[in-house]
Amino acid sequence: MSADVYRQRDNLVPASAPPTPEREPVGRPLRIAMLAPPWIPIPPPGYGGIEFVVQLLTDALVARGHDVELFCAPGSSSRAKVRTLLPAAHPDSIERALFEADHVARAFAAFDAAAGAGEPFDVVHDHCGYTTLAMADRQRTPVTHTVHGPFDDDTSDFYSHHARKGLIVCISHSQAAMAPPAVEVGAVAHNPIDVAAWPVGQSKQDYLLWLGRFVAEKGPQRAIDVARATGRPLILAGTVQPRHERFFATEISPHIDGEQIRFVGEVGGARKQRLFADAYAFLMPITWPEPFGMVMVESLAAGTPVIAFNHGAAPEIVEHGKTGFLVEDEQEMAAVVEQAGTIDPADCRRGAERFAPDRVAARYEAAYHAAIAAGKGVRERPRSVSPSA
Ligand code: UDP
């Protein structure tokens, strides 16, 4: 990483205190089991969209007066009570059934133990892939399940079969619109961002930024084309996950020259925030129905305009002409790059404030009460068998 990327530290506005609740809590305080995935600690040191969501939502629910226990990977910290279940985190085994099943089974045992000790949870909020929802009717606590991925051929079948076992929350209207007919969507709650925790760069540098998982549908290869077409430097940051090494080696690696196209690997914390804050614009050349896209709201929080392909949740996050641009392809993206300089960073910040954690927590609060009222996921009592049967 060349030093120029970070040279304007003095222009950064310091982060302020966490927000306090603005909206009145709905109903009584709840005892909530927040079930995070077993892969990455909370907050995540680097990559981890779901983990950022869980962190911010959990803290906001605690601030709203709820009693939250966070079941998560070792190494986590939170304003809620932290409960780790497996001996280690598994960042290199994401979606491996061995660890997910183990993590969820131990969580179910903890929910039963809490009930046995006279302190039952009112609701389980599940972020944990598939095991919890598939088995939700095998335990007694109502389940609210956030769908973090897209509804595609595989997951649509899964949700058509199992969605009735929990209250289903989608993270964008675009994702909800793709739910198969058999799936009842209980609520839409966008992912949260704590804008106050993001420094905003007061004077931009000239580089374009792409940051995320190196997979074809997220478009790092198209970001390279846009950088070449505009002559601007591009910084690529993020992770190469198992099964995607070949894509990185063939489509990305050959273009990295350390000058115009720079690769900085996985980034986290203040370093990531400065990359966003000092960028001229953030590129999101996606070709899939992005269910939300945390990186877009992070860029806005840092006062940096987002230029996104008009797919998935992008139009719910980017206000065309005000906080960035929605475009159809690489040519259109390259054509609007210069105009990103006319976007006011303060408008970007205001755009991100629509996703304040307290707002999102209020939506989930209503969803929890609906799940409890509907008895979602609650195991039916075994029917008594007549002696003569
Ligand atoms: N991320 C990070 N460091 C990296 C790459 C990604 O901290 O090197 C974070 C990024 O800031 C975002 C999350 O990982 O918070 C990715 O979430 P997003 O919704 O954008 O994508 P997905 O969950 O589909 O990977």
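For ligands, and for the atoms within them, numbers begin at 1 and follow the listed sequence.
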Undergrad: Quick one: look up the protein heavy atom nearest atom 14 (O) of ligand 1 and list residue, atom name and how far away it is.
TA: Gly48 N, 3.2 Å

Undergrad: If the cut-off is 4.0 Å to any non-hydrogen atom of Gly49, which atoms of ligand 1 fall inside it?
TA: 13 (C), 14 (O), 16 (C), 17 (O)

Undergrad: List every atom of ligand 1 that sits less than 4.0 Å from any heavy atom of Val267, numbering the atoms from 1 in the order shown and giving each element.
TA: 2 (C), 3 (N), 4 (C), 7 (O), 8 (O)

Undergrad: Less than 6.0 Å separating the ring centroids of Tyr130 and Phe158?
TA: yes

Undergrad: Report the member of Arg213, Met284, Lys218 with the shortest heavy-atom distance to atom 21 (O) of ligand 1.
TA: Lys218

Undergrad: Give the numbers and elements of all ligand 1 atoms closer than 4.0 Å to a heavy atom of Gly238.
TA: 4 (C), 5 (C), 8 (O)

Undergrad: Decide whether an N or O pair under 3.5 Å exists between Gly46 and ligand 1.
TA: yes

Undergrad: Between Glu290 and Lys218, does at least one N-O distance fall below 4.0 Å, as a salt bridge requires?
TA: yes

Undergrad: Identify, for atom 15 (O) of ligand 1, the protein heavy atom at the shortest distance, and state residue, atom and that distance.
TA: Glu298 OE2, 2.6 Å

Undergrad: Indicate the ring-plane relationship of Phe276 and Phe282, choosing parallel, tilted or perpendicular according to the 30° and 60° boundaries.
TA: tilted

Undergrad: Is any N or O atom of Phe52, backbone or side chain, closer than 3.5 Å to an N or O atom of ligand 1?
TA: no

Undergrad: Among all protein heavy atoms in this structure, tell me which lies nearest to atom 23 (O) of ligand 1, with the distance rounded to 0.1 Å.
TA: Tyr47 OH, 3.6 Å

Undergrad: Who gets closest to atom 9 (C) of ligand 1 by heavy atom: Glu266, Lys272, Glu51, Met294?
TA: Lys272

Undergrad: Is Glu95 atom CD crowded by more than 12 heavy atoms from other residues, nucleotides or ligands, each under 6.0 Å away?
TA: no

Undergrad: Does Arg31 qualify as a cation-pi partner of Phe121, given the criterion of NZ or CZ under 6.0 Å from the six-membered ring centre and within 45 degrees of its axis?
TA: yes

Undergrad: Check whether the ring centres of His145 and His162 lie less than 6.0 Å apart, and answer yes or no.
TA: no

